[in-house]
Structure formats: C-alpha cells, structure tokens
2 protein chains.
Amino acid sequence: MTKQATRRRGDDLVRSIHEAVLAELAEVGLGRLTMEGIARRARTAKTSLYRRWASPHDVLLDAIHDEHPQEVPSPSADDLRGDLIRALRQLVEWTRSPTAAAAAAILGERKRYPELAAALYERVFDARGGRFTLTVLRYYAARGHLDPALITPVVADIGEALVLKHSLDADAPPSDEQLAAIVDQAILPAVGRGPQRAAR
Amino acid sequence: MTKQATRRRGDDLVRSIHEAVLAELAEVGLGRLTMEGIARRARTAKTSLYRRWASPHDVLLDAIHDEHPQEVPSPSADDLRGDLIRALRQLVEWTRSPTAAAAAAILGERKRYPELAAALYERVFDARGGRFTLTVLRYYAARGHLDPALITPVVADIGEALVLKHSLDADAPPSDEQLAAIVDQAILPAVGRGPQRAAR
DNA sequence: TGATTAAGATACGTGGCCGTATCTTAAGTG
DNA sequence: CACTTAAGATACGGCCACGTATCTTAATCA
C-alpha cells in the first residue's frame, strides 16, 4: 500500500513511460515487448498503462510520435567535401539515440509489424525532411557547383547506404576517417569529382 | 496414439525441422521463436526436439550451419557493366531465400543475440567467400582494365550497400533498371568510369 | 522374424504475461 | 480545507511455453 511516497501524474508520468518503452525495446526487442515489462521499467502499475494504451505497440507508437526530430544539416561554406562529411557525421550521431535504436528494431521486423514501420516513416523519417547528404548536394547544385542532373535518387543514397552497411558489418558506425573515405571514394566521384581526375 | 501412419527418422526428420525453424523465424521473429512453435510447424513432437537441441536458438544455428552457400558470380566477358549488374542480381536473388530472411532477422537483433550473429557470419557470409561485386571488380583489375588502387573496401561495398538501402526503404529489392542505375551512377564513377565523361 | 532404436503422443507442474476488477491514497482543484 | 481526479497496489482466472517423464509404436537392423 505504502511503497511510493511521491507519485507522478499526467505528462510527467507519460514521459517516463515513453523512456521506459524505448529502453525496454532496446533490451528485449520488439517481439518481447510487454505491458508488464514496460510497467516494471517505468516503475508504475500495469493498471496505469492500460488506462491509456491498449498494447505495447500503442505505447511505442506514442513514444515515437513524441520524438521531436533534430534539425537537418545546413551547408556552411564553399566546402562540399566538408559539408558532406558533416552531414554523414550527423547521421552517425543520430544513430546513437534511443529513437534510432527503436527505428532499427522496427525496420528489422517490418514484415511482421507493418503499422509500426509505417508510423515510423511518418513520424520520424518524413518529419525529418529528407536525407542528410541530399540536403547538401541540392545546396551546391542550386549554386551551380554541381550538375543537378547527377543528383539522382541513387546518388543521394550513396552516403547513407554506406554508413548503414558499415554499421551492419562492423556492428559500429564508421569513424571520421571512414566517413571521409565514403565521401572521397563514393559520393564525390558520383557527382563528377574524381576519383583521380578532377571534373573541372 | 495412432495419428501418424508414417514416421520420419534421422536426417530426414532433421531436414524437416530445419525448414520449419526457418519458416517459423520468418513468421514470428527471433524473439518469439519457440520450441513448441517449431514442433508444431515441423509436425513433430516437442520431445523429439529436446532429444537433439536445448533451445530454439540451437535449432536455428544448426539449420544455418546446414545451409550450403550458393556459388559466387564468375565474370563472363569483356563487359564490366553487365557483370556488375549480374552480380547484383545474384545478390537480389539470394535475398529471396529463407536463409536470407533468417539472416535479416538475426542481424536486426544482433545486439541481443550476438552468438547468432557470429555464427551467421561464420557459416554463411564468410563461407560464401566475399562480396558479390568485389569478385567482378577484382577480375577486371587483374586484367588491367581497372586501376587496382581504386578498389577500396568502400568502393567494394557500394553496390551491396545501395541494394540493401533500397530494400530497406522500399521493402522490396531493386528492379533490374534500378540495379543498372546503381552500377551506372555509383559504382562505375567510383572506379573511374564516368559519370558523364568516360575515363579513357 | 524378433530385437533394438528412436519418434509420436500425452500429461504434468511452473512461471510469465494477459486483461480486468477492486481498493487505497497521493496529487491537484475550488 | 473538503473534494475530485488519477495513480499505486494487489489479486484473479486464462492461456501459453517451458522442460521433463512416461508410454506406445513405427522403422530399422541382425
């Protein structure tokens, strides 16, 4: 009866639960996400969960919904290479957030839980306003430094794809040196800079 | 007592179970893989499973172990572009196999079940003997058609990475046209061919 | 054919999560 | 300071997977 001296309410409690569900997801995975588990981790009563949500997935959707996307990189100067590296570094940093871990878990089981994946794209990816490197490439194309015809969907994906592949293979995101290699050896050649012979 | 007129034994039964565990994995995911589920799907008794394996993961490991990797592409002629496209197409086709689905499920939960991921690399990826496009690139480099210095780890990963990213985004592997776009717009520029101005 | 081996069927207690109901009590409200 | 609102604690039957034990019986072998 008397276990809690203090008691969270409203948004305060909801925020704790959102944290809890992301942590629980990271630990046990989407398939083992459970109301009791979330309640335990949030140090609340199962009852309080059921008052608001009908299932673990509902809690998770709400938590994702609540995530405010971080800002997109803004190209800084006349430094295409540096801006690309910085854009990828932002991607890598996002990778370490709880939302990113949740995103990975959800995408990994997309076939089994399509509603979650759909919500993820709506709430997180679309809301973020597009790819990281694409923003940079468009900026330089608009200023006449790049041929806009070269900025195809495939080219816009090169950086993100290689970061993803590296993370998958090495189980860790690429270092700054590796990001530079990605920019130098894959992205820049695709937009007409190099590899060996400079394009202008 | 009398439900089965016929009865599988030995390797025959084991093969059925291996199929069953891969199918079960595809359906319910790694987190919900269960001895009873596997037994149900393989139409065998739980007892028979426990006679050989101690856990669902053990069954899965055994099933993966058993998979014989398919052959690696052999470059055919003096057609770098065509060979690259064919190599990626082989990757896409592998993608549709049960083992590939299992691999995806395991890699998605690598953090939670590292032993499975390790076994996967040993049994499947390493045994396959390397990347798809890498084989092709090395072939042409050895014949003096490409600068070997350009075939870095990053460049060797471009094709696979973009196929992976596309599959993730679109929830379906790329079409032949999209594979061609990947080769033309990302791989060939990185090895000094293109994008617009031919390198030789 | 008769003996041996291994699979099938069934049952059991245990434990975890389910969803709900009930009651107590702390936190906010006028 | 009453009063209302909402969270905490607990208990319940139901279901499902666990891991094991026991018995029957088909497949294989000598």
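All figures in this text were calculated on a predicted structure; none of them were measured in a lab. Chain letters run A, B, ... following the sequence lines, proteins first, then strands; residues in each count from 1.
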Do B:D78 and B:Y140 have side-chain atoms, one donor and one acceptor, less than 3.5 Å apart?
-> no

A:R43 has an atom CZ; how far is it from atom C1' of D:dA9, in whole Å?
-> 15 Å

Quick one: bend of the helix from C:dT1-D:dA30 to C:dG30-D:dC1 from 5 pairs per end, to 10°?
-> 20°

So what does A:T47 hit on the nucleic acid, given a heavy-atom distance under 4.0 Å: a base, only sugar-phosphate, or nothing?
-> base

Aromatic ring pairing A:Y113/A:H57, orientation class (parallel under 30°, perpendicular over 60°, tilted between) | perpendicular

Please assess A:L80 against A:Y139 for the test side-chain contact (heavy atoms from CB on, under 4.5 Å), listing each intermediate value before the final yes or no.
-> CA-CA 9 Å; A:L80 171 59; A:Y139 174 88; over 6 Å; no

A:D58 CG to C:dC18 P, in whole Å, measures 13 Å

Nucleotide D:dT20, atom P - distance to CZ of B:R52 in whole Å | 17 Å

Between CD1 of B:I17 and P of C:dA6 the distance, given in whole Å, is 14 Å

So which of residues 20-35 of chain A are in contact with DNA chain D, with a heavy-atom cut-off of under 4.0 Å?
-> none

To the nearest angstrom, the CG-P distance between B:D12 and C:dG8 comes to 11 Å

Flag, side chain of B:R112 to backbone of A:A26, donor-acceptor distance under 3.5 Å = yes

A:L13 CG to D:dA7 P: how many Å, rounded?
-> 6 Å

Listed pairs, N/O of protein and of nucleotides 27-30 of chain D, under 3.5 Å:
| unit_1 | atom_1 | unit_2 | atom_2 | d |
| --- | --- | --- | --- | --- |
| D:dA27 | OP1 | B:T6 | OG1 | 3.3 |
| D:dA27 | OP1 | B:R7 | N | 3.1 |

Mark yes or no for whether B:T133, through its side chain, and B:A156, through its backbone, hold a donor-acceptor pair below 3.5 Å.
-> yes

Touch check for B:G10, heavy atoms < 4.0 angstrom, all strands: base, sugar-phosphate only, or nothing?
-> sugar-phosphate

Residue A:A45, side-chain heavy atoms: nucleotide from C:dG8, D:dA7, D:dA9 that is nearest = D:dA9

Which nucleotide in the set D:dG19, C:dA9, C:dA7 lies at the smallest distance from any side-chain heavy atom of B:Y50?
-> D:dG19

Rounding to a whole Å, what distance do you find between B:K46:NZ and D:dA17:P?
-> 9 Å

Any donor-acceptor pair under 3.5 Å linking the side chain of A:Y50 with the backbone of A:S55?
-> no

Answer yes or no: is there a donor N or O on one side and an acceptor on the other, between the side chain of A:Q185 and the main chain of B:T152, under 3.5 Å?
-> no

Think A:R51 has a side-chain N or O under 4.0 angstrom from the OP1 or OP2 of D:dG8?
-> no

Please determine if a side-chain N or O atom of B:S48 lies less than 4.0 Å away from the OP1 or OP2 oxygen of C:dG8.
-> yes

Is the backbone of B:T44 close enough, under 3.5 Å, to the side chain of B:S48 for a donor and an acceptor to pair up by distance?
-> no

Test: A:D66 and A:R123 ion pair at under 4.0 Å = no

Sub-3.5 Å donor-acceptor pair from the side chain of A:E109 to the main-chain atoms of B:G29, do we have one?
-> no

Rounded distance in Å - CG (A:D11) to C1' (D:dA7) | 14 Å

Can you find a side-chain donor-acceptor pair between B:S175 and B:E177 that sits under 3.5 Å?
-> yes

Ignoring hydrogens and geometry, is there a side-chain-to-backbone donor-acceptor pair from B:R110 to A:L168 under 3.5 Å?
-> yes

